[in-house]
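Heads up, the thing below is written out as structure tokens.
This structure is a prediction, so every number in the text was calculated from the model and none was measured.
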Amino acid sequence: MSNRLALVLFTALATIVLAITAAAGAGYLSRRDGASYPAAITRAAAAFAATVTVAAAVVTATVTLAD
């Protein structure tokens, strides 16, 4: 396995872990705020999607500037 592939896989794994953590936090806080379970899951899903989207934008910008 090349170093570049290992770096890409590590970055993807770190991004997924960060997104899951953000989603869990958002779901927990919305549930503590009195939201129903479906509303808490919706907010958690939105937080997960937003985290992955921002990470993808940062990676794209980094790759574009590096070339």
Please list, chain by chain and in numerical order, all residues satisfying side-chain hydrogen bond (donor to acceptor under 3.5 Å, both in side chains) with Arg4, sequence neighbours excluded.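 For Arg4 there are no side-chain hydrogen bond (donor to acceptor under 3.5 Å, both in side chains) partners, ignoring immediate neighbours.
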Indicate the atoms forming the closest heavy-atom contact of Ala19 with Thr51, along with that distance.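 Of all heavy-atom pairs spanning Ala19 and Thr51, the closest is CA-CG2, 3.7 Å.
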By the rule that ILVMFWY residues connect when side-chain heavy atoms come within less than 4.5 angstrom, directly or transitively, which residues belong alongside [X]?
X	answer
Leu7	none
Tyr28	Leu29
Val59	Val63
Leu18	none

Tell me, please, which residues at least two apart from [X] pass side chain to side chain contact (heavy atoms under 4.5 Å, CB included).
X	result
Ala49	none
Ala47	Ala26
Ala44	Ala23
Ser36	Pro38, Ala39

Does one hydrophobic cluster hold both Phe48 and Val54, with members joined at side-chain heavy-atom distances below 4.5 Å? no
Among residues two or more places apart or on two chains, list those pairs meeting side chain to side chain donor-acceptor pair (under 3.5 Å) that have a residue in residues 5-23.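 Qualifying pairs: none.
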